[in-house]
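Heavy atoms only: backbone and side chains are in, while hydrogens, waters and symmetry mates are out. Read the numbers this way: they start at 1 and go in the same order the structure lists the ligands and their atoms. Along the sequence shown, residues carry numbers from 1.
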Amino acid sequence: MDTIITRFPPSPTGYLHVGGARTALFNWLYARHTGGKFVLRIEDTDVQRSTQASADAIFEALEWLGIDWDDGPYFQSRRFPVYEEYIQKIIDSGNAYYCSCSAEKLEAMRAEAAAAGRNPKYDGTCRDKGLSKGENTVVRFKAPFMGTTVIEDVVKGSIVFQNSELDDFIIQRSDGLPIYNLAVVVDDITMGINTVIRGDDHVSNTPKQILLYKALGHPLPTFGHVPMVLGNDRTRLSKRHGATSVTAYRDMGYLPEAMINYLVRLGWSYGDQEFFTREELIEKFSLENIGKSAGVFDMEKLQALNGDHIKAAPPAKLVSSLIPFLKAEGYDIRDTAYIEAVIKTLNIRSKTLKEMAADARFYFEDTVVYEEEAAKKFLKAASLDPLKALIKELESLGEFSEKALEDAFKKVMEQTNLKLGKIAQPVRVALTGKTASPGIFEIIEIIGRERVLSRIRKAMEFIERRKENA
Ligand code: GLU
């Protein structure tokens with residue numbers, strides 16, 4: 001089999017949308033799965049709407065997702081001579097012609113068709129005139145009047161178009177700019193693309209593209225049109241449904257592994273499996289398992305999957321991704337070993353890195369803010385004795401290992417005749433301000449002796465103050 005060559009050709013008119021990212025992923029995974037190539041092309045012929053900033057934002061999002069390309073990025077705006085050459089080939093082979101019909105004439109044609117209830121179509125006035133290139137001439141493709149054009153779509157099956165629905169569409173404007181479908185086909189041919197997976201909003205372009213391939217005597221690529229991504233109300237996903245920019249998810253604390261897992265699953269399946277590593281996706285991806293029905297973007301599912309990926313990631317690997325979130329919380333960042341230890345205690349509960357950073361407050365900030373309810377329930381007079389006893393034990397403890405801490409707590413239990421919870425909960429509130437947190441021994445070990453003792457003392461002062469004010 002020939003080497004599979006796929007592509008992702010975004011128009012740089014905004015950020016990378018999750019739907020676009022999914023298309024990119026399908027093409028990238030198919031290339032990686034087959035040992036093929038993945039080409040990146042920027043479709044910026046619409047100079048009014050295209051910007052370098054958008055192209056850069058797209059590169060940044062792809063890089064974050066870990067989608068790398070083997071060829072490109074190409075920019076259509078730098079390839080006009082190539083389009084010119086192919087337009088000339090189509091004219092020379094008798095499959096296209098110059099047309100000099102004025103805007104008024106075309107408008108009259110449209111109005112007449114509309115009045116008669118027909119689709120507006122070019123009537124072929126210049127088709128056989130043999131005109132040469134002139135100041136206001138466009139180039140039109142000679143489309144067949146009869147027969148059918150069929151897309152053999154790997155996702156949707158055969159899609160049949162009646163050629164009578166087409167007209168002699170323009171392939172080059174009077175200012176020399178190529179028309180979109182022409183540029184796409186020339187690019188796909190010259191870049192060796194043999195597999196085109198794209199959104200099904202492009203189905204209507206495909207018959208024109210197929211005719212251009214045929215006119216150029218080039219074999220067709222494999223086409224696969226993927227249903228759009230929908231929002232929870234089953235309309236096309238848009239800003240109304242929440243963030244649609246890929247990098248917005250990065251900034252909300254999602255991992256690229258979770259994002260790609262979720263996006264791929266949104267239109268592709270492998271039995272009931274939901275969780276996939278990047279390597280597994282590459283190993284298992286196939287065009288046959290792309291779904292025919294539209295995927296519905298579900299924030300809660302994405303969040304749950306993100307939690308699973310956070311849990312599965314080696315804590316050391318999360319350190320650098322978590323740091324910006326810790327900084328955003330305003331913490332004084334400590335060394336990476338400390339951050340890694342913190343992650344080990346939080347990774348089973350955090351759904352996003354942002355949530356993890358917020359939950360890590362007590363590890364980084366010495367001023368513990370007690371939650372109202374937590375303080376009411378556990379920072380009361382009855383806790384003073386056990387806290388005092390614990391301070392004594394901790395002060396004389398050699399090392400702060402889990403085992404040593406357990407023994408220290410046991411001793412306090414014996415001395416005070418209290419159950420572990422009666423001691424551990426006030427300590428937990430003293431150290432974290434909350435009633436729920438990672439394991440108490442883990443926390444104590446990470447926070448360290450000085451800070452632990454100081455926080456317990458502060459909690460005792462708090463209890464004393466409350467007593468006085470009561
Ligand atoms: N530039 C098109 C888009 O952004 C993609 C065209 C294609 O895949 O053929 O929707």
Undergrad: Any heavy-atom pair between the side chains of N136 and Y98 that's under 4.5 Å?
TA: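 No - every pair of side-chain heavy atoms lies 4.5 Å or more apart.
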Undergrad: Quick check, are the ring centers of Y254 and H309 under 6.0 angstrom apart?
TA: no
Undergrad: When you measure from atom 5 (C) of ligand 1 to each heavy atom in S11, P12, P9, which option holds the nearest one?
TA: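 Comparing heavy atoms across S11, P12, P9, the nearest one to atom 5 (C) of ligand 1 lies in P9.
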Undergrad: Is the shortest side-chain N to carboxylate O distance from R240 to D233 below 4.0 Å?
TA: yes
Undergrad: For atom 1 (N) of ligand 1, grab the closest protein heavy atom and report residue, atom and distance to one decimal in Å.
TA: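 Minimum-distance protein heavy atom for atom 1 (N) of ligand 1 reads E43 OE1, 2.6 Å.
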Undergrad: Please write down residue, atom name and distance for the protein heavy atom closest to atom 8 (O) of ligand 1.
TA: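 Closest protein heavy atom to atom 8 (O) of ligand 1: R7 NH1, 2.8 Å.
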Undergrad: For atom 10 (O) of ligand 1, what's the nearest protein heavy-atom neighbour? Residue, atom name and distance, please.
TA: H202 NE2, 2.9 Å
Undergrad: With a 4.0 Å cut-off on heavy atoms, is F8 in contact with ligand 1?
TA: no
Undergrad: Around atom 6 (C) of ligand 1, find the nearest protein heavy atom and jot down its residue, atom name and distance.
TA: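 The protein heavy atom lying closest is Y180 OH, 2.7 Å.
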Undergrad: At a 4.0 Å threshold, what atoms of ligand 1 neighbour a non-hydrogen atom of R198?
TA: 7 (C), 8 (O), 9 (O)
Undergrad: Can you tell me how the ring of W268 sits relative to the ring of Y270, calling it parallel under 30°, perpendicular over 60° and tilted otherwise?
TA: parallel
Undergrad: Once you round to the nearest 0.5 Å, how far does CG of N181 lie from CD of Q209?
TA: 4.5 Å
Undergrad: Is any NZ, NE, NH1 or NH2 atom of the basic residue among D187 and R7 found under 4.0 Å from an Asp or Glu carboxylate oxygen of the other?
TA: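 The answer is no: the pair does not qualify as a salt bridge.
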